[in-house]
There are 2 protein chains.
Amino acid sequence: MSQMPVECKGDNWCPITATANLIGKKWHPVIIHRLIEEGPHGFNSLKEEIGGISSKVLSESLDDLQEKNLLDREVVSEKPVRVKYKLTEAGESLEPVIEEMLVWGRSNLVESDTI
Amino acid sequence: MSQMPVECKGDNWCPITATANLIGKKWHPVIIHRLIEEGPHGFNSLKEEIGGISSKVLSESLDDLQEKNLLDREVVSEKPVRVKYKLTEAGESLEPVIEEMLVWGRSNLVESDTI
DNA sequence: CTGTATCCACAACGATACTG
DNA sequence: CAGTATCGTTGTGGATACAG
């Protein structure tokens with residue numbers, strides 16, 4: 001089936017900047033990557049796996065990704081509340097992009113000890 | 001020859017976020033893409049080709065990319081001053097990443113007319 | 001032609017604490 | 001378990017004007 005295109009307002013229309021604007025927030029790529037690699041996840045589970053992100057920022061990021069139709073939120077049970085975050089088709093289709101970022105990062109970046 | 005790895009301070013070391021932090025500024029991906037596609041460019045030439053970016057922001061972006069060893073600045077002549085910006089090896093090696101962003105943007109995003 | 005200097009606005013992040 | 005509420009700080013971008 002056809003994928004629903006994500007809308008994109010104004011800008012000087014350019015597929016690259018538009019994409020950058022979608023996944024350009026600090027934690028977006030990792031969140032998407034974790035969901036690609038490990039499938040649907042709950043909030044805290046995701047938080048721990050990512051490491052270093054605060055509840056607030058994770059929450060905001062998830063909201064943002066959802067707004068952009070890259071992610072779905074599904075309430076699994078109530079009491080205790082359980083939620084699953086999973087990628088939409090559009091979200092999953094980002095895999096090549098994320099994968100290239102991963103590959104590039106691995107071979108071109110080096111952790112600095114000088115901190 | 002071996003590529004000089006780009007340094008990367010602290011963070012919670014993750015190749016993806018690290019990469020995102022390097023090329024995550026709004027105009028970085030387009031700038032890199034333009035330089036990949038069209039080769040070395042002067043300041044104003046680059047500015048016009050990108051479209052919609054201010055001198056100040058372009059200047060800042062170029063400084064940032066240079067600091068990160070993704071870009072080189074070469075003074076070609078003085079009077080009038082002429083400069084060439086070109087990618088370093090590390091910068092050029094980003095092509096697959098940028099290319100995937102372009103491909104994804106083309107097939108998954110749609111320009112909204114509602115603005 | 002290649003930038004800087006201001007100044008302003010707002011987005012993004014982070015730490016911490018707290019709620020249903 | 002899944003978030004919100006605050007509050008403060010830094011990052012990022014944009015408009016405009018000006019300079020070597």
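These figures come from a predicted structure and were not determined experimentally. Just so it is clear: chains get the letters A, B, ... in the order the sequence lines come, proteins before strands, and each one is counted from 1. The basis for the numbers below is simple: all heavy atoms, side chains too, and nothing from hydrogens, waters or symmetry mates.
For A/Arg73, a side-chain nitrogen or oxygen approaches OP1 or OP2 of D/dG3 to under 4.0 Å. Distances shown here put a side-chain N or O of A/Tyr85 below 4.0 Å from the OP1 or OP2 atom of D/dG3.
Side chains of A/Ser93 and B/Trp104: a donor-acceptor N/O pair is present below 3.5 angstrom, by distance only. In this structure, a donor-acceptor pair under 3.5 Å is present between the side chains of A/Ser55 and A/Lys47.
Pairs passing the salt bridge (Lys or Arg N to Asp or Glu O under 4.0 Å) check and including a residue from residues 71-87 of chain B, sequence neighbours excluded, do not occur.
B/Arg82 places its CZ atom 7 Å from the C1' atom of C/dC1, with the value rounded to the nearest Å. For B/Lys25 and D/dT10, the NZ to C1' distance is 12 Å, given to the nearest whole Å. B/Glu49 places its CD atom 13 Å from the P atom of C/dT2, with the value rounded to the nearest Å. We find that CG of A/Leu58 is positioned 10 Å from P of D/dT4, with the value rounded to whole Å. Summarising the geometry, the separation between CG on A/Asp64 and C1' on C/dA12 is reported as 11 Å, rounded to the nearest angstrom. Protein atom CD1 of B/Ile31 is 13 Å distant from nucleotide atom P of C/dG3, rounded to whole Å. When the P atom of C/dA12 is taken as reference, atom CG of A/Leu22 falls 12 Å away, rounded to whole Å. Between A/Lys84 atom NZ and D/dA2 atom P there is a gap of 11 Å when expressed in whole angstrom units.
At least one side-chain heavy atom of A/Ile53 sits less than 4.5 Å from a side-chain heavy atom of A/Trp27. Inter-residue side-chain proximity for B/Thr88 and B/Glu92 is flagged as unmet; no heavy-atom pair is nearer than 4.5 Å.
Which of C/dG3, D/dG13, D/dC1 sits closest to the side chain of A/Asn44 comes down to D/dC1. Distances from the side chain of B/Asp63 to the nucleotides D/dG13, C/dT4, D/dA2 place C/dT4 closest. Listed candidates were C/dT4, D/dC1, D/dT12. Nearest to the side chain of B/Ser59 is C/dT4.
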For nucleotides 14-20 of chain C, list the nitrogen or oxygen atoms of the protein found under 3.5 Å from its nitrogen or oxygen atoms, one pair per line.
residue : atom : partner : partner atom : Å
C/dG14  : OP1  : A/Lys26 : NZ           : 2.9
C/dG14  : OP2  : A/Trp27 : NE1          : 3.1
C/dG14  : N7   : A/Lys56 : NZ           : 3.4
C/dG14  : O6   : A/Lys56 : NZ           : 2.5

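Looking only at distances, no side-chain donor or acceptor of B/Ser61 sits under 3.5 Å from a matching main-chain atom of B/His28.
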Identify all side-chain donor-acceptor contacts of residues 31-41 of chain A below 3.5 Å with residues at least two apart in sequence or on another chain.
residue : atom : partner : partner atom : Å
A/Arg34 : NE   : A/Glu49 : OE2          : 3.0
A/Arg34 : NH2  : A/Glu38 : OE2          : 2.5
A/His41 : ND1  : A/Ser45 : OG           : 2.5
A/His41 : NE2  : A/Glu49 : OE1          : 3.1

